Amino acid sequence: MSTITTVNPATEEPLETYQLMREQEAVACVEACHAAFLDWRKLTHKQRAPYLTRIADKLRENADELAALMTQETGKLLRDGRTEVEICAAILDYTAKKGPEILADEERTHGGGNKRGLVSFRPIGVIYSIQPWNFPLYQPVRVLAANLMAGNGCVLKHASICTGSGLRLRELCIEAGLPEGLFQVVLIDHETSDKLIAHPKVRAVTMTGSDGAGRHIGAEAAKALKKTVLELGSNDAYLVLDDADIATAVKYSVMGRLYNNGETCVSAKRFIVTDKVYDAFVEAYVAEMKQVAMGDPTDDSTQLGPLSSQEQLDRVSEQVDDSVAKGARVLCGGKAPDRKGAFYPATVLANLAPGMPAYDDEIFGPVASIIRARDDEDAMRLANESRYGLGGGIFSKDEARAIELARDHFDTGMVRINSFGAADPNMPFGGVKDSGYGREHGGFGMKEFVNAKAIFLP
């Protein structure tokens, strides 16, 4: 039987080895989840809420252990791991507090307004959650919290490199009192995963990952007529407009490119800078990126840890080398150091053009792409030329105009103005175009996988 061995990307030391499940074992997990769902769906939303609160408490109680595990498995900075635990707990608390109101029955009318009606948001069953490695706790928790509140069960297929994090999350959920069958973690290969998508007791599929993987999983689910939510990659553009405050733009552009070692879907990747401020921004930005301290992710003074694996290091190196071969210019970084671990330096590329990976694609690492625009209008055009549309940002002193651009012109699901951040429990999260579809957080995720049932009264 095949196995999974997790590896510390900072030290290259093996961590744990796990056996992959046989197909019948994975199917048994789905069936156990469905059996638990049949009881769970009978609870009211208010009765489900305390389970989520207790899971949040359990995560906080074990925050140091969880952060250390995530750092060992993926190389994320230890302090970022602690922040991730708190974000997860906040999502659970938000869902417990807001869920009963968001999912309450709605009174409506029909028959021209003369008759009564109800819309009831009913659970549908087992949700299959396929998640990546960059946020080992947050990715599964955001799906789990919303669907537990909605009344569904959840089967998680986590990325192999953070297998330990997925299994530990399930243990803590059970310690918090969640019915044991309701949240399952399956260790399976891609072929078995496709079979689970087709299983009749799996009612919907949610996946976070690359657009290529999203096409495959979306197609498999469509064959079985199952709804999907896909949160895919992006090469988010941050616009530095003519009237931008350069110090603010540089501060958040460094933060936005290096957060989570540059391995974040909704992060600043392309910096589209107008002619008027181009030289000032690039000079200041490159100076800051050159000073970034790369090293041990458990050291509080480290600003940039390793990439998640040697495979990821090879991929980022290849994308940069390909861009340079096609004419890109390296302003800093650009080569992996000769040292143990999957380390790649803070890198800035300029002279970019279509056809280069650094212009067209997502580079999942600490590589910033600088693109020159003639003016503000040209900057907005270049931002929207991308096939992706997850997030983006605007640096401008004119907040009203920035809001107008964000609302009416930026073709993405999320826009940051004069700031950077990732997810927030109270704001919708998701994208458009090749960045996928569907929304999570802000109450939207709780209604993605429910049956909006119409009940007509006389």
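Quick caveat: nothing in here was measured; it's all calculated off a predicted structure.
- A salt bridge does not link Lys201 to Glu31: none of the charged nitrogens lies less than 4.0 Å from a carboxylate oxygen.
- Between Arg387 and Asp361 there is a salt bridge, since a side-chain N of the basic residue sits under 4.0 Å from a carboxylate O of the acidic one.
- Listed by first and then second residue, the side chain to side chain donor-acceptor pair (under 3.5 Å) pairs that reach into residues 409-431 are Tyr94-Asn426, sequence neighbours excluded.
- Ring to ring, Phe364 and Trp133 are close: their centroids are under 6.0 angstrom apart.
- For the pair Arg270 and Tyr238, the cation-pi test (distance below 6.0 Å, angle within 45°) is failed.
- The number of heavy atoms from other shown groups lying within 6.0 Å of NZ (Lys98) does not exceed 12.
- Between the CG atom of Leu137 and the CG atom of Leu169 there is a distance of 5.5 Å, given to the nearest 0.5 Å.
- No side-chain N or O of Ser309 forms a donor-acceptor pair with one of Glu311 less than 3.5 Å apart.
- Using modelled atom types, one finds a donor on one side chain and an acceptor on the other under 3.5 Å when comparing Thr248 with Asp245.
- Taking the ring pair (Phe, Tyr, Trp, His ring centres under 6.0 Å) definition, one finds that Phe343 meets it with nothing, sequence neighbours left out.
- By the 6.0 Å contact criterion, CD on Glu171 is enclosed, its count of non-hydrogen atoms from other residues, nucleotides or ligands being greater than 12.
- Heavy atoms only, all atoms of each residue included: Val30 and Leu196 are closest at CG2-CD2, 3.9 Å.
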Could you give the side-chain donor-acceptor pairs of residues 64-73 under 3.5 Å, partners two or more places apart or in another chain?
residue: Asp64; atom: OD1; partner: Arg82; partner atom: NE; Å: 3.4
residue: Glu65; atom: OE1; partner: Arg168; partner atom: NH2; Å: 3.3
residue: Glu65; atom: OE2; partner: Arg168; partner atom: NE; Å: 2.6
residue: Thr71; atom: OG1; partner: Ala67; partner atom: O; Å: 3.1
residue: Thr71; atom: OG1; partner: Lys76; partner atom: O; Å: 2.9
residue: Glu73; atom: OE1; partner: Ser165; partner atom: N; Å: 3.2
residue: Glu73; atom: OE1; partner: Ser165; partner atom: OG; Å: 2.7
residue: Glu73; atom: OE2; partner: Gly164; partner atom: N; Å: 2.8

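- The main-chain N or O of Val266 is never found under 3.5 Å from a side-chain atom of Thr264 such that the two would form a donor-acceptor pair.
- For the residue pair Thr163/Thr6, the side-chain donor-acceptor check at 3.5 Å is not satisfied.
- The CZ atom of Phe37 lies 12.0 Å from the CG atom of Leu148; values are rounded to the nearest 0.5 Å.
- Here the side chain of Ser193 pairs no donor or acceptor atom with the backbone of Asp189 at under 3.5 angstrom.
- Aromatic ring centres of Tyr138 and His441: separated by under 6.0 Å.
- With respect to the salt-bridge test (charged N to carboxylate O, under 4.0 angstrom), the residues Lys42 and Asp39 qualify.
- The CD1 atom of Ile371 sits 9.0 Å away from atom CD of Glu385, with the distance rounded to the nearest 0.5 Å.
- Taking each heavy atom of Pro136 and Thr74 in turn, the nearest pair found is CG-CG2, 3.7 Å.
- No more than 12 heavy atoms of other residues, nucleotides or ligands shown are found within 6.0 angstrom of CD on Glu318.
- Within 6.0 Å of atom CD in Glu101, 12 or fewer heavy atoms from other residues, nucleotides or ligands are found, so the atom counts as exposed in its surroundings.
- Between Lys340 and Glu12 there is no salt bridge, since no side-chain nitrogen of the basic residue lies less than 4.0 Å from a carboxylate oxygen of the acidic one.
- Distance alone, capped at 3.5 Å, is enough to place a donor-acceptor pair between the Arg170 side chain and the Phe183 backbone.
- Asn152 contributes a side-chain N or O that, together with a main-chain N or O of Gly125, makes up a donor-acceptor pair within less than 3.5 Å.
- When all heavy atoms of Thr228 and Ala221 are compared, the closest pair comes out as CG2-CB, 3.3 Å.
- Note that CZ of Arg54 is 11.5 Å distant from SG of Cys173, once rounded to the nearest 0.5 Å.
- Put simply, the side chain of Thr83 gets close to the backbone of Arg79: a donor and an acceptor are under 3.5 Å apart.
- Look at Arg439 and Glu231 and you find no salt bridge, because none of the NZ, NE, NH1 or NH2 atoms lies under 4.0 Å from a carboxylate O.
- Distance OG1/Thr206 to CD1/Ile130: 8.5 Å, rounded to 0.5 Å.
- Of the possible donor and acceptor atoms, none in the side chain of Asp322 sits under 3.5 Å from a partner among the backbone N and O of Pro357.
- Applying the 6.0 Å contact sphere to NZ of Lys433 captures more than 12 heavy atoms from other residues, nucleotides or ligands.
- Formation of a donor-acceptor pair under 3.5 Å by the Ser323 side chain with backbone atoms of Ala358 is found in this model.
- Environment of OH in Tyr437: crowded, with over 12 heavy atoms of neighbouring residues, nucleotides or ligands closer than 6.0 Å.
- For the atom pair CG of Asp296 and OG1 of Thr11, the computed distance is 9.5 Å after rounding to the nearest 0.5 Å.
- A salt bridge does not link Glu288 to Lys251: none of the charged nitrogens lies less than 4.0 Å from a carboxylate oxygen.
- Cation-pi geometry between Lys447 and Phe121 is met: under 6.0 angstrom from the ring centre, within 45 degrees of the axis.
- With salt bridges taken as basic N to acidic carboxylate O contacts below 4.0 Å, one links Lys269 and Glu362.
- The main-chain N or O of Ala422 is never found under 3.5 Å from a side-chain atom of Tyr259 such that the two would form a donor-acceptor pair.
- Side-chain contact between Lys453 and Val119 is absent, with no heavy-atom pair separated by less than 4.5 Å.
- Listed for the Asn134 side chain is a donor-acceptor partner under 3.5 Å among the backbone atoms of Glu263.
- Glu61 and Lys58 are joined by a salt bridge, as a carboxylate oxygen and a charged side-chain nitrogen come within less than 4.0 angstrom of each other.
- By the 4.0 Å N-to-carboxylate-O rule, Arg215 lies close enough to Asp434 to be salt-bridged with it.
- Ring planes of Trp40 and Tyr51: perpendicular class, angle over 60° (limits at 30 and 60°).
- Checked by atom type and distance alone, the side chain of Asn260 never pairs as donor or acceptor with a backbone atom of Gly262 at under 3.5 Å.
- For CD of Glu399, the number of neighbouring non-hydrogen atoms (other residues, nucleotides, ligands) closer than 6.0 Å is 12 at most.
- A salt bridge does not link Asp236 with Arg257: every distance from a Lys NZ or Arg NE/NH1/NH2 to an Asp or Glu carboxylate oxygen is 4.0 Å or more.
- Around the CD atom of Glu180, the shell of radius 6.0 Å holds no more than 12 heavy atoms that belong to other residues, nucleotides or ligands.
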